[in-house]
Protein chains: 2
Amino acid sequence: MFYLIGLGLGDAKDITVKGLEIVKKCDKVLLESYTSILTVGHTVLEEFYGRPIVLADRELCESFIDEFLQEARFSDIALLVVGDPLGATTHSDMLLRAKQLEVKTEIIHNTSIMNAVSCCGLQLYNFGETVSIPFWTETWKPDSFFDKILGNFSRNLHTLCLLDIKVKEPTEESLTKKVRQYMPPKFMSVKEAASQLLGIIKNRQDSDLTEDSLAVGLSRVGAQDQKISAISLKEMSNCDLGPPLHSLVIPARNLHPLEVDYLNQYI
Amino acid sequence: MFYLIGLGLGDAKDITVKGLEIVKKCDKVLLESYTSILTVGHTVLEEFYGRPIVLADRELCESFIDEFLQEARFSDIALLVVGDPLGATTHSDMLLRAKQLEVKTEIIHNTSIMNAVSCCGLQLYNFGETVSIPFWTETWKPDSFFDKILGNFSRNLHTLCLLDIKVKEPTEESLTKKVRQYMPPKFMSVKEAASQLLGIIKNRQDSDLTEDSLAVGLSRVGAQDQKISAISLKEMSNCDLGPPLHSLVIPARNLHPLEVDYLNQYI
């Protein structure tokens, strides 16, 4: 059996009782380590489970997963995923591949930022489509996500912005070499995301969103030291919400009174 | 301390390890029993936790919550909520009330249908705003949710439709009497939801959605006997997906190839 197990968002104890039971009985346990991270490191998980964990980076998940799936035909293998296991396309792809190889699968759901974002008081049914904000480079500054935010805003819907993370990304120089070298991990902060948004707004005179528009920054949702800040985009571009992971919400123009009351806690 | 603890969607073991630890140490444990239900009854939960649970219906949650919040100033009270605790407005409202009463609160997140719906293979970031489909009566047939579905469809986004549930609703006759009488619980099935949608489509000649449009029915997501069916709306109006809870998705017109491959398992 191949298990995909969600770990939730905070620490080791955010796994479900069912998930923990499976982890304890499995023959091999992998931790998917490139689409998201937990606030605690994998050694804390190893201690909590009382067993070793194999770190599964992008290369392993995309190129070598077949080996593990083949193993899962005759033994129990678990892949742990931060948040909910089906948040990223990679994992649906794995499940399809498992089906082709006639490997049985089971999914153990958990919370993800897609529903836990409601901790800021904005109601989930008032969210439009979710967008991802990628790190800009000197030569690559895509802004198509901004039109989706504007689209939601014009329909009076909130937008959850997932912020880019770069884990074990090969350096450009090493791409053509035999030995890969990797960049240090990078996690976009609400500060960086707000700055990129302000960069786009500056070039769009007619934008409904301005530097004074409300933004809600969230960091380490589900952890003990979770932070939420409801301030203007301009203020957000100077706001330090501490260690990763961060998420940003652009709220709708007209909020429900209950949403206003709730957000007022974070001004 | 007042704890709001998500139970997830399947059975007793879908609570998180952190959630279970809190339940075991609390002085009193309530189970919110009117916005959603677990596939197992509350007695199974009582056995699993090894302690009694107070059932909290709408009346208790909306009118008598202050008493419990007052108690939570000097003892530990947990309110268990199926899915994620912040899925329903009621619970944000409670947290605000707790703040007014200077009661400390903690939220233990869990999966909800808002992210677990991804088990059908449709990608979460391709969902537009979520809608609720209410039970129609002889004299009350609202259809504003249909325009939201059409709106998402026109922007090539999926729509998650949450289906109505009626638990401990007073009968109309007893509303004016001293002793309330209650109707038996009712949970909308995908069959009923699809029939209501077909009723609307019949009156809208120019609708982009027709009886041949694709619909995805889900039942008991997260439970061992979870069912998913990807068929036309017309077929869905005759489809029995078994016991509650059910959810319905109206997918976007153009799906990602991976979404198509995944949904093909459920045709």
Side-chain angles (χ1 to χ4, degrees), chain A residues 6 8-21 48 83-89 91-93 95-96 99 106-119 121 123-132 148 151-152 155 157 160 162 221-222 224 256 258-259 261-262 265, chain B residues 6 8-21 48 83-89 91-93 95-96 99 106-119 121 123-132 148 151-152 155 157 160 162 221-222 224 256 258-259 261-262 265:
Chain A
L9 297 173
D11 57 38
K13 289 186 176 175
D14 285 317
I15 193 170
T16 64
V17 174
K18 195 182 279 170
L20 183 61
E21 282 180 1
F48 182 64
D84 186 74
L86 292 185
T89 324
H91 309 127
S92 318
D93 211 14
L95 291 173
L96 279 178
K99 194 166 176 145
E106 192 176 332
I107 302 163
I108 308 296
H109 291 288
N110 209 318
T111 195
S112 77
I113 189 66
M114 306 291 269
N115 66 327
V117 66
S118 58
C119 64
Q123 297 296 317
L124 285 182
Y125 50 78
N126 293 335
F127 277 78
E129 88 185 280
T130 299
V131 306
S132 294
K148 292 183 180 177
N152 285 335
R155 288 185 289 282
L157 296 170
L160 167 62
L162 303 174
V221 169
Q224 287 295 329
H256 185 278
L258 187 63
E259 293 179 318
D261 288 349
Y262 212 94
Q265 302 175 79
Chain B
L9 297 173
D11 57 37
K13 289 186 175 174
D14 285 317
I15 193 170
T16 65
V17 173
K18 195 182 281 168
L20 183 61
E21 282 181 2
F48 183 63
D84 186 73
L86 292 186
T89 324
H91 309 126
S92 319
D93 211 14
L95 291 173
L96 279 178
K99 198 173 171 137
E106 191 176 332
I107 301 164
I108 308 297
H109 290 288
N110 208 319
T111 194
S112 77
I113 190 66
M114 305 291 269
N115 67 326
V117 65
S118 58
C119 65
Q123 296 297 316
L124 285 183
Y125 50 78
N126 293 334
F127 276 78
E129 93 187 272
T130 299
V131 306
S132 294
K148 293 184 179 175
N152 285 335
R155 289 185 289 281
L157 296 170
L160 167 61
L162 304 174
V221 168
Q224 286 297 327
H256 186 278
L258 187 64
E259 293 179 317
D261 288 349
Y262 211 93
Q265 303 173 79

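Per chain, numbering begins at 1; letters A, B, ... match sequence-line order. No experiment lies behind these values; they were computed from the predicted model shown.
Between the Asp261(A) side chain and the Asp93(B) main chain, no donor and acceptor come within less than 3.5 Å of each other.
In terms of heavy-atom proximity, Lys13(A) sits nearest to Thr16(B) at O-CB, 3.8 Å.
Ranked by heavy-atom pairs shorter than 4.5 Å toward chain B, the options Asn152(A), Asp11(A), Ile107(A), Asn126(A) are led by Asp11(A). Chain B forms more heavy-atom pairs under 4.5 Å with one residue of Asn115(A), Leu162(A), Leu258(A) than with any other, namely Asn115(A). Of all the listed residues (Leu9(B), Val221(B), Ile15(B)), the one sharing the greatest number of non-hydrogen pairs under 4.5 Å with chain A is Ile15(B). The residue among Gly121(B), Gly222(B), Cys119(B) with the most heavy atom pairs within less than 4.5 Å of chain A is Cys119(B). Of the residues considered (Leu86(B), Leu160(B), Ile108(B), Thr130(B)), Leu86(B) shows the highest number of contacts with chain A, using heavy-atom pairs under 4.5 Å. Options Val131(A), Thr89(A), Asp84(A) differ in how many heavy-atom pairs under 4.5 Å they form with chain B, and the most are formed by Thr89(A). Ranking Glu21(B), Lys148(B), His256(B) against chain A, the residue ahead of the rest is Glu21(B), based on heavy-atom pairs under 4.5 Å. Here Ser112(B) is the residue among Gly87(B), Gly8(B), Ser112(B) with the most heavy-atom pairs under 4.5 Å with chain A. Ranked by heavy-atom pairs under 4.5 Å with chain B, the first of His91(A), His109(A), Glu106(A) is His109(A).
Both the backbone and the side chain of Tyr262(B) have a heavy atom closer than 4.5 Å to some heavy atom of chain A. For Lys99(A), the part sitting under 4.5 Å from any heavy atom of chain B is the side chain, from C-beta outward, and nothing else. Contact annotation for Tyr125(A): both backbone and side-chain heavy atoms come within less than 4.5 Å of a heavy atom of chain B. Interface remark: Glu259(A) contributes no atoms to any contact with chain B (heavy atom separation under 4.5 Å).
By the neighbour-count criterion of 12 heavy atoms within 6.0 Å, atom NZ of Lys18(B) is densely surrounded, having more than that number from other residues, nucleotides or ligands.
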